[in-house]
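Bear in mind that the values here come from a model prediction, so they are computed numbers and not experimental data.
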2 protein chains.
Amino acid sequence: MSESATRKPAERKRGSGVQFVYNVLRDEILDLALAPGTPIDEIQLAQRLSMSRTPIREALVRLAGEGLVTTLPNRSTVVANIDFLNLHTFFDAITLMYRVTTRLAALNHQADDLVTIRARQAEFAKAVDEQDALGMIATNREFHAAIAVAGRNPYYESLFLRLLDEGRRLLRLYYSSFNDQLPQRYVVEHEDMIAAIEARDVEKADALANEHADQIVEQIRNMIARDHRQKIAL
Amino acid sequence: MSESATRKPAERKRGSGVQFVYNVLRDEILDLALAPGTPIDEIQLAQRLSMSRTPIREALVRLAGEGLVTTLPNRSTVVANIDFLNLHTFFDAITLMYRVTTRLAALNHQADDLVTIRARQAEFAKAVDEQDALGMIATNREFHAAIAVAGRNPYYESLFLRLLDEGRRLLRLYYSSFNDQLPQRYVVEHEDMIAAIEARDVEKADALANEHADQIVEQIRNMIARDHRQKIAL
DNA sequence: TGTATTTTTTTTGTCGACACAAATTTTCAC
DNA sequence: GTGAAAATTTGTGTCGACAAAAAAAATACA
């Protein structure tokens, strides 16, 4: 189906098989190219990527560990569902991780961290400027991931990345159907966060991250509410 | 080597193979039966557990996802090292998770949650009373895991469990070499936490969790410091 | 005797095949 | 025609084997 998925049959380096499958599947899941609930047929996937089932299975185990797929015993593994009923737990966790990682970045960042963060921010600003919703989602993730790296706590970083990915799925869901105008405000907020981090102003970084998270959560909430009304109207 | 590892050659249900390997390895890693840095030979392990390499590898992938083993490309996977230089990131994260899960438990717990928590606390108190250091480590984990469940946020829960496991390795390291007297204080602190949760006193639960975490962190720090002096003395 | 190079060994990554479990279809009884 | 039981199909879980990489051993050469 997807173009990038049916590439070069057999000219890959040994040892990169699992990684390749993992990347392909991960991208397709996060981009909603594979809808939540879709069963993943190992044989079919093996044929599509022209490799054996063994590396496919190992990639699936990895994805299951990150919660992106669910494995039903003796039955097919399916793309993880989005649990709308418990979204508040997601909002709660991602807000806390926004705050904690930004705080720690203000505390622990080193010189070259800011270079990376600014580069990501430039990419983000570009995506917003071009009204590229999908690009904005991706670059926003990388921006905050760079901040998390600067915070130098791998435990927070891994949870945060997981949450950002989950959020990417959510946003992708709504941006694809509504084509919103992209909020320029986020660019400014990002700039403020960078400034606070650079100044090592922990409390300000925290407060800004908190506001930023609230903004995003609120936006997602609005999208869901709007979507809900529509569904009821039909 | 280990007794429990070389059991019943081939009378296991289909589909439980990976789970079995995962459990065996996990226990051995957390109990330090497999020392950090030990290479894991797939063939040898396959013979020991009398099964093919395939389920072994899948279990290893899972363990790698949880950070309990490290996979070197095209080379053996080794038991994850304990990063003493960055222990502060561990202390920081586990303290936050102690607080967050206990807060949420006070907020969201339901009736039967308290039953489970009290049961775990009883087991913990028994282990402390019997001066069973290893039992105390294990039951303490289950006690806090039960609180995390009552908090009803799977994101926090999974990170917390990972951190508690990492802590189990750390504690195991020192209890095996020093045979400390077990602090009765923890039992009382646990009781206070249960009371705060039951009363739905979020702030008090938070404060108690914070103190509890500080206690544990401080104890680990002392152990490490003591260990350090010994090393230098030699 | 020490070092560079080749050969051997060890161990991983991948493959194709088979066995078993669940879902699906078909058959059969009533 | 309807429902239960049997047969078939579909797809996972596991296996043994092979090929490629890295490490270890052996050899050549100074």
Side-chain angles (χ1 to χ4, degrees), chain A residues 1 5-26 28-29 34-35 37-65 67-81, chain B residues 1 5-26 28-29 34-35 37-65 68-80:
Chain A
M1 256 189 183
T6 52
R7 61 160 67 113
K8 317 291 171 97
E11 43 178 295
R12 228 174 302 104
K13 280 167 252 155
R14 170 196 164 86
S16 67
V18 176
Q19 186 68 33
F20 176 72
V21 178
Y22 173 82
N23 288 336
V24 169
L25 273 182
R26 187 192 138 86
E28 294 189 354
I29 291 173
L34 290 176
T38 308
I40 298 179
D41 186 329
E42 295 175 6
I43 299 178
Q44 188 180 320
L45 194 62
Q47 290 172 348
R48 183 154 76 92
L49 304 186
S50 57
M51 54 172 41
S52 155
R53 276 177 53 221
T54 310
I56 305 253
R57 295 191 106 246
E58 294 188 7
L60 286 177
V61 170
R62 217 170 125 189
L63 289 167
L68 292 180
V69 303
T70 310
T71 306
L72 321 187
N74 270 316
R75 212 87 230 86
S76 73
T77 77
V78 299
V79 178
N81 275 102
Chain B
M1 255 186 188
T6 51
R7 60 160 69 112
K8 317 288 170 103
E11 43 178 295
R12 230 175 299 101
K13 281 168 251 157
R14 170 195 165 88
S16 67
V18 177
Q19 187 68 34
F20 177 71
V21 179
Y22 173 83
N23 288 336
V24 169
L25 274 181
R26 186 191 139 85
E28 295 189 354
I29 292 173
L34 291 175
T38 307
I40 299 179
D41 186 331
E42 295 176 6
I43 298 178
Q44 187 180 320
L45 194 63
Q47 290 172 347
R48 183 154 74 93
L49 304 186
S50 57
M51 52 172 45
S52 156
R53 275 177 53 223
T54 310
I56 306 255
R57 294 192 107 248
E58 294 188 7
L60 286 177
V61 170
R62 217 170 124 190
L63 289 167
L68 291 180
V69 302
T70 311
T71 307
L72 321 188
N74 269 318
R75 210 87 231 84
S76 73
T77 77
V78 300
V79 177

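Within the nucleic acid shown, B:Ile40 comes within 4.0 Å of sugar-phosphate atoms alone, with no base atom in reach, counting heavy atoms only. Backbone-only engagement by B:Ser76 is indicated by non-hydrogen atom pairs under 4.0 Å involving sugar-phosphate atoms exclusively.
Rounded to whole angstrom, the span from the CG atom of B:Leu72 across to the C1' atom of C:dT11 amounts to 13 Å. Between the CD atom of B:Glu58 and the P atom of D:dC15 there is a distance of 11 Å, rounded to whole Å. What separates CG of A:Leu60 from P of D:dT12 is a distance of 9 Å, to the nearest Å. When the P atom of D:dG11 is taken as reference, atom CD of A:Gln44 falls 8 Å away, rounded to whole Å. To the nearest angstrom, P of D:dA23 lies 9 Å from CG of B:Asn74. For B:Leu49 and D:dC15, the CG to P distance is 11 Å, given to the nearest whole Å. Rounded to whole Å, the distance from CG on A:Asp41 to P on C:dA23 is 15 Å.
Taking only side-chain atoms of B:Ile43, from C-beta outward, the nucleotide of C:dA21, D:dC15, C:dT11 with the closest atom is C:dT11. Listed candidates were C:dA21, D:dA22, D:dT14. Nearest to the side chain of A:Arg53 is D:dT14. Residue B:Glu42 has its side chain nearest to C:dT12 when only C:dT14, C:dT12, C:dA22 are considered. Considering only the side chain of A:Pro55, C:dT14 comes nearest among D:dC15, C:dT14, D:dA22.
At a threshold of 4.5 Å between non-hydrogen side-chain atoms, the residues A:Ile29 and A:Arg26 do not count as touching. Annotation: side chain of B:Leu60 is in contact with side chain of B:Leu25 (closest heavy-atom distance under 4.5 Å).
Residues passing the side-chain contact (heavy atoms from CB on, under 4.5 Å) test with A:Val78 are A:Pro39, A:Thr70, A:Ser76, sequence neighbours excluded. With sequence neighbours excluded, the residues that form a side-chain contact (heavy atoms from CB on, under 4.5 Å) with B:Asn23 are B:Gln19.
Between A:Pro73 and A:Val18, the one whose closest nucleotide on DNA chain C sits nearer the 5' end is A:Val18. Nearer the 5' end of DNA chain D, as judged by each residue's closest nucleotide, is the contact made by A:Arg75, out of A:Arg75 and A:Thr54.
Taking all atoms of both residues into account, the shortest heavy-atom contact from A:Val79 to A:Ala35 is CB-O, 3.6 Å.
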